[in-house]
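Here is the structure we will look at, set down as structure tokens.
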Amino acid sequence: MLGNQWLISPLLTMILVSLGTLLFHEILIRRVDQLIAKYHRHLIIFEEPRPWVSTAFWLALAMFVQSGERQTAQQWFVLNLLLLIFLYALFMLELRMSISLYLLSWAYYWFLTDHQLFSTISAPLFTGIWILLAVVIARLKRHRVNPLIYPFLIVLIGSFFWTWVALSQYKIEPRELSIQFCEFMLILAVNYYTIHLINKERLKQRAILHQAMYDRLTNLYNFHLFDQNFHRAYQEYCRHQRPLTMIAIDIDHFKQINDTHGHLFGNQTLQQVARILKTTTSKLKDVTVYRTGGEEFNILVTNKSLTFTAELANQIATAMSEVHHQTTAGQVVALTLSIGVSKLNDSDSSAQDYFHRTDKLLYTAKRAGGNRIELERL
């Protein structure tokens with residue numbers, strides 16, 4: 001595909017390359033989703049890796065295109081592809097990521113090539129306009145405007161870009177300019193429809209993934225994820241002596257609450273407890289809350305001492321005692337918890353042994369009347 005020797009027309013090549021790029025990007029992001037589902041918080045990378053992976057992908061592609069642009073006589077074809085990459089960044093990435101990609105890409109273009117498409121004066125101007133566009137699009141996405149406005153904006157961007165090319169020091173014939181702009185519009189239509197389909201499918205996949213990881217009522221992580229992470233944490237202890245402590249929680253007299261005030265109020269009770277657990281643990285590292293049964297919750301705490309976990313259990317019990325849970329009739333229902341706290345040690349021959357030991361502490365607290373914390377004796 002060097003020089004003027006094109007076995008396939010540049011337009012068809014452009015469409016196939018852009019669609020293939022979108023497909024590869026989607027496969028990459030789905031793989032990241034699978035890794036997140038598999039390893040959850042134990043991923044030894046950024047807390048939310050998708051934006052970083054996506055940014056790295058588009059940046060690498062932009063640099064590859066910029067390097068290849070000098071090796072082909074179809075410079076305008078390559079500029080269309082580069083323009084599409086920047087548009088992908090604007091609409092697929094968050095604001096800081098898209099701006100970072102643009103600045104890094106053009107820094108590479110400026111320092112590692114001798115191309116003069118953008119002069120010393122026009123480069124800052126074009127950069128300023130692009131950042132302004134990124135801010136505008138970010139605000140539009142935040143306010144969930146009509147999606148039809150995006151193709152309109154892209155047409156304006158493409159018109160502006162090719163008008164600038166026509167007025168730059170590059171000599172491009174009016175006929176060539178018209179051809180490139182029409183090709184850009186055609187490629188845009190195909191890509192926009194493809195992105196629309198990809199986004200619909202991605203939303204479906206994310207919904208399925210969310211259902212597999214979260215409890216629908218409380219929006220806490222579910223037992224399935226607890227079981228995976230609990231066994232993984234047990235293996236980490238066996239291999240690397242990574243500390244693991246656990247809090248087992250049960251709502252006292254929950255059946256009586258359901259029978260007296262109805263299941264709807266019972267559901268509200270579960271949600272209230274979940275909110276307290278999330279609020280109490282939200283700023284703590286290596287602490288994860290799960291709903292593991294009807295009125296049962298578990299908290300896994302890694303890399304912390306038993307003293308730390310016992311104090312956390314006390315904070316949860318205190319926060320619960322300060323809540324005034326009311327029925328629709330205005331009756332205040334006192335909510336209390338039975339809590340068991342333990343630490344994984346070498347005497348636990350399996351993850352199940354440790355779970356049952358913590359569960360026994362929980363039921364010891366319940367048999368003692370509830371509203372208490374049973375801490376294992378070391």
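The first residue of the sequence shown is numbered 1, and numbering continues consecutively from there.
Taking both residues in full, the closest heavy atoms of A212 and H224 are given as O-CD2, 3.7 Å, listed atom of the first, atom of the second, then distance. The two residues D348 and L344 make their nearest non-hydrogen contact at OD2-CD1, 3.3 Å. Residues S18 and I15 share a closest heavy-atom pair of OG-O, 2.9 Å. When all heavy atoms are compared, the tightest approach of F355 to N298 is CE1-ND2, 4.0 Å. Scanning all heavy atoms of the two residues, the minimum distance from A317 to I373 falls at CB-CD1, 4.3 Å. Heavy atoms only, all atoms of each residue included: V341 and I339 are closest at CG2-CG2, 3.9 Å.
For the pair D353 and R357, the salt-bridge criterion is not met [side-chain N within less than 4.0 Å of a carboxylate O].
One distance of note links CD of E296 with CZ of F223; it measures 10.0 Å at 0.5 Å rounding. Here Y237 contributes atom OH and K343 contributes atom NZ; the two are 7.5 Å apart, rounded to the nearest 0.5 Å. Distance OG1/T292 to CG/L300: 9.5 Å, rounded to 0.5 Å. One distance of note links CD of Q272 with OG1 of T218; it measures 12.5 Å at 0.5 Å rounding. Note that NE2 of H253 and CD of E295 are 11.5 Å apart. Values are rounded to the nearest 0.5 Å. Here CD1 of I251 is found 9.0 Å from NZ of K366. Values are rounded to the nearest 0.5 Å.
Both L220 and V301 belong to a single network of hydrophobic side chains, linked directly or stepwise wherever heavy atoms of I, L, V, M, F, W or Y lie under 4.5 Å apart. Under a hydrophobic-cluster definition in which Ile, Leu, Val, Met, Phe, Trp and Tyr are linked whenever side-chain heavy atoms come within less than 4.5 Å, directly or via other members, V333 and L264 are assigned to different clusters. The hydrophobic cluster containing I29 does not contain L23, counting ILVMFWY residues as joined when their side-chain heavy atoms lie under 4.5 angstrom apart, directly or transitively. With hydrophobic clusters built from ILVMFWY side chains whose heavy atoms lie under 4.5 angstrom apart, L361 does not share a cluster with Y354. Taken together through direct or relayed side-chain contacts under 4.5 Å among Ile, Leu, Val, Met, Phe, Trp and Tyr, L312 and L362 form parts of separate hydrophobic clusters.
Around atom NZ of K360, no more than 12 heavy atoms belonging to other residues, nucleotides or ligands sit under 6.0 Å away. The neighbour count for K278 NZ, taken as heavy atoms of other residues, nucleotides or ligands under 6.0 Å away, is above 12. Summarising the local packing, CD of Q256 is surrounded by 12 or fewer heavy atoms from other residues, nucleotides or ligands at distances under 6.0 Å.
Just one residue in the list N222, N229, D215 forms a side-chain hydrogen bond (donor to acceptor under 3.5 Å, both in side chains) with Y290, and that residue is N229. A side-chain hydrogen bond (donor to acceptor under 3.5 Å, both in side chains) with T245 is found for exactly one of T309, T302, N303, T358, namely T309.
Remark: the T336 side chain and the N371 side chain contain no N/O donor-acceptor pair separated by less than 3.5 Å. Between the side chains of Q235 and R232, not a single donor N or O lies within less than 3.5 Å of an accepting N or O. No side-chain donor-acceptor contact under 3.5 Å links S338 and D250.
Not one N or O on the side chain of Y221 forms a donor-acceptor pair closer than 3.5 Å with the backbone of M213. When atom types are taken as modelled, the side chain of R275 and the backbone of L277 share no donor-acceptor pair closer than 3.5 angstrom. Proximity of a side-chain donor or acceptor of S321 to a complementary backbone N or O of T318 within less than 3.5 Å is detected. Between the H231 side chain and the D227 main chain, a donor and an acceptor come within less than 3.5 Å of each other. Remark: the backbone N or O of L197 is not paired with any side-chain donor or acceptor of E201 at under 3.5 angstrom. Between the side chain of S305 and the backbone N or O of F308 there is at least one donor-acceptor pair closer than 3.5 Å. Side chain of T260 to main chain of I257: no donor-acceptor pair is present (N/O by atom type, distance under 3.5 Å, no hydrogens or angles).
The aromatic rings of F226 and F230 sit parallel, their planes meeting at an angle under 30°, below the 60° perpendicular limit.
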As a quick check of understanding, evaluate side chain to side chain contact (heavy atoms under 4.5 Å, CB included) for I276 and Q315, giving each step before the final call. CA-CA 10 Å; I276 290 172; Q315 292 175 13; over 6 Å; no
